Amino acid sequence: MVVGAGFAGVAAATALAERGARVVVLETRQRPGGRAYSWTDPDTGEVRDNGQHVLASFYDETLRLLRRIGTERELEADPSFRLRLWERSHGSYEIRCPILPAPFHWVAAFASCPRFSPGARLQAAGLRPRAQALLREEVPDRTVAEWLARDAPHPDLAAVLRPLALAALNETPEEGSAKLFARALDRLIGAPAPSSGLALARRGLGDLLRGFETYLEECGGSVRYRATALGVRVEEGRAVGVSLLGGERLAAGAVILTVPHERVTWMLRPELAEPYRAVAATPWSPIVST
């Protein structure tokens, strides 16, 4: 039993079904996607997205999910990484990776970016090794701003990396985790040129999970919408099912919670919830970047 039909819940449920498990998914809403969904603007008729609507060709797990349920063609990706930026004092400029073997595609991208001075290009060339070194550090995490000041201090390079960090982390460089950003940079720069491009849903974000119910049913599972799980039932130290709003009880051999993190503790008995209290107390912020 998987509680929640957001991207995490759909990924967990379909991966288990692919391996032969019979999976039941419970979702409070009448649709999958969780916080990542689309709707039609009643005034303009345009499809609008909520949630993360820009993906990348090196999102291997996401692409594996879309292939599994047959919606991979709903994504349209650039053939390689291409990002246009604008600054008040420098106008518009672009970072573009040509189709070259790694790591020459990024060497060429840094060398051809008009925003970079020779010093910035030299620092940019060593960006991935510095990101990998940060990931190996066994010290308390620093902020992106602190890491840039130490490892990429050239102002031309920082001007490009700061907005990239904001977009990747949904946090300002003064608050965002340097290690999370380093992981994103490592994957971006390490991806082959044809797999480094940004990707958008052709119509709406909600189309990416369309029809996952059919996949699950063909594997012997099912999806129940308008089903709100209130708590996990535990007997003799193991999960045996969930209790639903309205009093219904459903049995299951295992329960996976893919609900928003702050809800985990009130779905578990106090003694079972204790290890997750710090997770549940972690603050979250809405996506505000454009």
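Just so it is clear, the model here is predicted, and its values are computed rather than measured.
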I'd like to know if the side chain of [X] reaches the main chain of [Y], judged simply by a donor and an acceptor atom lying under 3.5 Å from each other, with no hydrogens or angles considered.
| X | Y | value |
| --- | --- | --- |
| Glu27 | Arg29 | yes |
| Ser57 | Gly197 | yes |
| Asp49 | Ala36 | no |

For residues [X] and [Y], report the shortest heavy-atom separation together with the two atoms involved.
| X | Y | value |
| --- | --- | --- |
| Arg130 | Gln123 | NH1-O, 2.8 Å |
| Gly119 | His154 | C-CD2, 3.8 Å |
| Val47 | Ser38 | CG1-CB, 3.8 Å |
| Val10 | Pro32 | CG2-CB, 4.5 Å |
| Leu216 | Ala17 | CD1-CB, 3.8 Å |
| Ser80 | Ile99 | CB-CD1, 3.7 Å |

Next item on the list: Given side chain to side chain contact (heavy atoms under 4.5 Å, CB included), test Arg128 with Asp186 step by step and report yes or no.
Entry: CA-CA 6 Å; Arg128 191 185 186 201; Asp186 183 43; 2.7 Å; yes

Is there a path of hydrophobic side-chain contacts, each under 4.5 Å between heavy atoms of I, L, V, M, F, W or Y residues, that connects [X] with [Y]?
| X | Y | answer |
| --- | --- | --- |
| Leu161 | Tyr93 | yes |
| Leu83 | Val107 | no |
| Trp266 | Val3 | yes |
| Leu164 | Phe116 | yes |
| Leu134 | Val160 | yes |

Please report the interatomic distance [atom1]([X]) to [atom2]([Y]), rounded to the nearest 0.5 Å.
| X | Y | atom1 | atom2 | result |
| --- | --- | --- | --- | --- |
| Arg115 | Ser92 | CZ | OG | 12.5 Å |
| Ile95 | Arg82 | CD1 | CZ | 12.5 Å |
| Leu122 | Leu127 | CG | CG | 12.0 Å |
| Ile69 | Leu208 | CD1 | CG | 8.0 Å |
| Met1 | Leu250 | CE | CG | 4.5 Å |
| Arg142 | Ser177 | CZ | OG | 10.5 Å |

Checklist line | Salt-bridge present (Arg238, Glu236; N to O < 4.0 Å) | finding: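 Salt bridge: no.
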
Item checked: Sidechain N-carboxylate O distance under 4.0 Å for Arg249, Glu235 ->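 The answer is no: the pair does not qualify as a salt bridge.
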
Taking C-beta and beyond as the side chain, do [X] and [Y] meet within less than 4.5 Å on heavy atoms?
| X | Y | result |
| --- | --- | --- |
| Phe110 | Leu157 | no |
| Leu209 | Arg31 | no |
| Val264 | Val279 | no |

Note to self: What verdict does the side chain to side chain contact (heavy atoms under 4.5 Å, CB included) test give for Val54 and Leu200, after you've listed the backbone C-alpha separation in whole Å, the side-chain angles of each residue and the deciding distance to 0.1 Å?
What the structure shows: CA-CA 5 Å; Val54 178; Leu200 291 168; 3.9 Å; yes

Notebook entry, point to check: Where does the angle between the aromatic ring planes of Trp147 and Phe181 fall among parallel (under 30°), tilted (30 to 60°) and perpendicular (over 60°)?
Noted result: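 Ring orientation of Trp147 relative to Phe181: perpendicular.
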
Note to self: Test of understanding: with side chain to side chain contact (heavy atoms under 4.5 Å, CB included), list the residues that count as partners of Thr172, not counting sequence neighbours.
What the structure shows: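 Expected list: Glu174, Glu175.
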
Next item on the list: Return the set of residues passing side chain to side chain contact (heavy atoms under 4.5 Å, CB included) with Arg203 (not counting sequence neighbours), or none when no residue passes.
Entry: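 By the side chain to side chain contact (heavy atoms under 4.5 Å, CB included) rule, Arg203 matches Glu74, Asp207, Arg210.
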
Item checked: Chi angles and distances behind the side chain to side chain contact (heavy atoms under 4.5 Å, CB included) call for Leu63, Leu75 -> CA-CA 9 Å; Leu63 294 176; Leu75 271 186; 3.8 Å; yes

Next item on the list: Apply salt bridge (charged side-chain N to carboxylate O under 4.0 Å, His left out) to the pair Arg48 and Asp41, showing each step before the final yes or no.
Entry: CA-CA 7 Å; Arg48 304 287 190 180; Asp41 187 304; 3.7 Å; yes

[X], [atom1]: over 12 other non-hydrogen atoms inside 6.0 angstrom:
| X | atom1 | value |
| --- | --- | --- |
| Arg263 | CZ | no |
| Tyr225 | OH | yes |
| Arg183 | CZ | no |
| Arg22 | CZ | no |

Checklist line | Passing candidate, side chain to side chain contact (heavy atoms under 4.5 Å, CB included) with Leu65, options Tyr59, Phe212, Phe7 | finding: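 By the side chain to side chain contact (heavy atoms under 4.5 Å, CB included) criterion, Leu65 pairs with just one of Tyr59, Phe212, Phe7: Phe7.
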
Checklist line | Test salt bridge (charged side-chain N to carboxylate O under 4.0 Å, His left out) applied to Arg224 and Glu248, step by step | finding: CA-CA 13 Å; Arg224 284 187 58 173; Glu248 185 179 1; 3.1 Å; yes

Item checked: From CA spacing to verdict: side chain to side chain contact (heavy atoms under 4.5 Å, CB included), Val23, Ile256 -> CA-CA 10 Å; Val23 186; Ile256 297 176; over 6 Å; no

